[in-house]
Protein chains: 2
Amino acid sequence: MHARPALTGPVEDYLKAIYELESRFGAAATSDVAHALDVAPASVTGMVRRLATQGYLDHVPYRGVQLTPCGRQAALRTIRRHRILESYLTGVLGYPWDRVHDEAERLEHAASDDLIERMAAALGHPTADPHGAPIPTADGLIEEQPHRTLAELPVGETARMLRVSDKNPSLLRYLAEIALQPGAEVTMVARAPFDGPITLRIGNSEPVVGPNLAAQVLVAAMPSSGLRSADASGSLPSTAASKPKSRKPTAR
Amino acid sequence: MHARPALTGPVEDYLKAIYELESRFGAAATSDVAHALDVAPASVTGMVRRLATQGYLDHVPYRGVQLTPCGRQAALRTIRRHRILESYLTGVLGYPWDRVHDEAERLEHAASDDLIERMAAALGHPTADPHGAPIPTADGLIEEQPHRTLAELPVGETARMLRVSDKNPSLLRYLAEIALQPGAEVTMVARAPFDGPITLRIGNSEPVVGPNLAAQVLVAAMPSSGLRSADASGSLPSTAASKPKSRKPTAR
DNA sequence: CTCAAAAGTTAGGTAGGCCTAAGTTTAAGG
DNA sequence: CCTTAAACTTAGGCCTACCTAACTTTTGAG
């Protein structure tokens, strides 16, 4: 870990994307990274080799990629910068939450640590960004809340909206319209069978949304007890709310 | 002017540097640009050719370079961004004035126009940055104040401090220490002959500074009359306060 | 007016990051 | 087990922006 060279923009983006894929799927596949960064798979292979020789990740050809502690640290630093920037843009400069992602994406590579910490201080050291994503601490600790998706919420139950991806502006605009934002209380009123429309209650309104949308919204895992409640539609038989639903790339 | 491609970071830096050299010397010499950007002269030649073919400047080989209206516009846009960023960093985030330049230098290439305008609005649309440099308007108009250097101020006269370069942190720290900041009233108390030390009065203190420093500080041209006042030291015989002291590169 | 130093340019090369096209390897179905 | 599609990698280029070294032009001192 002896004084690595300063990270360039692209490198930070790769590490960040790999971190995010890894925490969702357990490992990052070349093609997923390529898709996330909108580059050709061949470009990923090349960059991954470079990052592996520099100690940021382990790469087993054809099998996937995983961050080393050092790479994870670098990724979390970038994620912290990104989320503090998003928080600052909405909290201080009045940006709508659907437009902060792109701006933060560019600024996160240019801002100094000093600037980031000044922004964090101005906000009172927030622990989550405007979309509900947790902000890693300066020394790389991140606290994930236990959660499930809104789609999984049993009919009749109420939960607190926790988080949604920052990457889809039109989704975010729509969510703002129906007041489904982090912290909001949302009740599962009804769910039509065969992946049909879902009726929610948020405050006094009862928006009807698609299952696709509901699957993208995370809600707090449990205000109360365990998770017994047989209801109509198909719900995942998975045990609890830990994420790594290992997909294909198995690295190692 | 029909929709040119988005400017990359380096390109913006070249245009900005050329603009600044041009407004100081009337034209920009290759080696001056190279020095300003800390690159080799050969690199400047190459980039200049590219910018010339793209219509941002006119280049007469061996004779210098000059911005086209289009290039000037681009340069002023970058300068506006830079100066608003500097203003915001000091005004809102509490940066000391000697540390804003580097930060702004990086951010100016990453921030969107929207962000810049939000910052300007948050500051009440300032017309000068923390070092006293005028901020061009969004449509590229810049208003230079008439000025002379502090070194030229006749003994006994008082002037308002107008401006100093943002590029020398230790100079800025020293100026802050003696309270010589834009808007401050400064009186020329005495000037030792042969480019000797200069005694000033600022508020209740009488700092003594070198002629080198005094030459870098600009003061408002005239609170009152014309400029008769024979005094000891050598003062430039130039007519008034218009700057372009044409040096070598004569372009055209 | 000459001629060397200074300033500028050309030539050729490096490195980062990307691409397409053409192989390899893996996984999955028959 | 064989075969084929999908995933991945290699090979070979391109472009930007930089460099050094060698050459040309301009300038200014004598």
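Order of the sequence lines fixes the chain letters, A, B, ..., with proteins taken first and strands second; residue numbering starts at 1 for each chain. Computed from a predicted model, the values in this text were never measured in an experiment.
- Taking 4.0 angstrom as the limit, B:Arg49 places a side-chain polar atom (N or O) nearer than this to OP1 or OP2 of C:dT10.
- The CD-P distance, from A:Glu12 to C:dG16, rounds to 16 Å in whole Å.
- A salt bridge does not link B:Arg81 with B:Glu12: every distance from a Lys NZ or Arg NE/NH1/NH2 to an Asp or Glu carboxylate oxygen is 4.0 Å or more.
- Between B:Thr45 and C:dT10 there is no side-chain polar atom (N or O) within less than 4.0 angstrom of OP1 or OP2.
- Here B:Arg63 reaches the OP1 or OP2 of D:dT27: one of its side-chain N or O atoms lies under 4.0 Å away.
- Across the interface with DNA chain C, nearest-nucleotide mapping of A:Val39 and B:Val44 shows B:Val44 to be the residue nearer the 5′ end.
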Begin with the C-alpha distance, continue with both residues' side-chain angles, and end with the deciding distance and a verdict on side chain to side chain donor-acceptor pair (under 3.5 Å) for A:Ser170 and A:Asn168. CA-CA 6 Å; A:Ser170 53; A:Asn168 188 335; 3.2 Å; yes
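- For B:Thr8, no side-chain nitrogen or oxygen approaches OP1 or OP2 of D:dT16 to under 4.0 Å.
- Protein atom CE of B:Met47 is 16 Å distant from nucleotide atom C1' of C:dT9, rounded to whole Å.
- In this model, the phosphate group of D:dA6 is not approached by any side-chain N or O of A:Ser31 to a distance below 4.0 Å at OP1 or OP2.
- Base contact: B:Ser43 has a heavy atom under 4.0 Å from a base atom.
- Set against C:dT9, C:dT20, D:dC19, the side chain of B:Pro41 has C:dT9 as its closest nucleotide.
- The distance from atom CG of A:Asp32 to atom P of D:dA6 is 15 Å, rounded to the nearest whole Å.
- Between A:Arg118 and B:Glu103 there is no salt bridge, since no side-chain N of the basic residue sits under 4.0 Å from a carboxylate O of the acidic one.
- A:His59 has a side-chain polar atom (N or O) that falls below the 4.0 Å cut-off from OP1 or OP2 of D:dT9.
- Between A:Pro61 and A:Tyr14, the residue whose closest nucleotide on DNA chain C is further toward the 5' end is A:Tyr14.
- In this structure, B:Gln54 atom CD and D:dC15 atom P are separated by 14 Å, rounded to whole Å.
- The side chain of A:Ala42 lies closest to C:dA21 when the candidates are C:dC18, C:dA21, C:dT10.
- Put simply, OH on B:Tyr62 is 17 Å from P on D:dG28, counting in whole angstrom units.
- Rounded to whole Å, atom P of C:dC18 lies 11 Å from atom CG of A:Leu51.
- Between B:Asp139 and B:Thr137, the side chains place a donor N or O and an acceptor N or O closer than 3.5 Å (distance only, hydrogens not considered).
- In the set D:dA11, D:dA21, C:dG8, C:dG8 carries the atom at the smallest distance from any side-chain atom of B:Ala29.
- Ring geometry, A:His131 versus A:Trp97: the interplanar angle falls under 30°, so the pair is classed parallel (tilted spans 30 to 60°).
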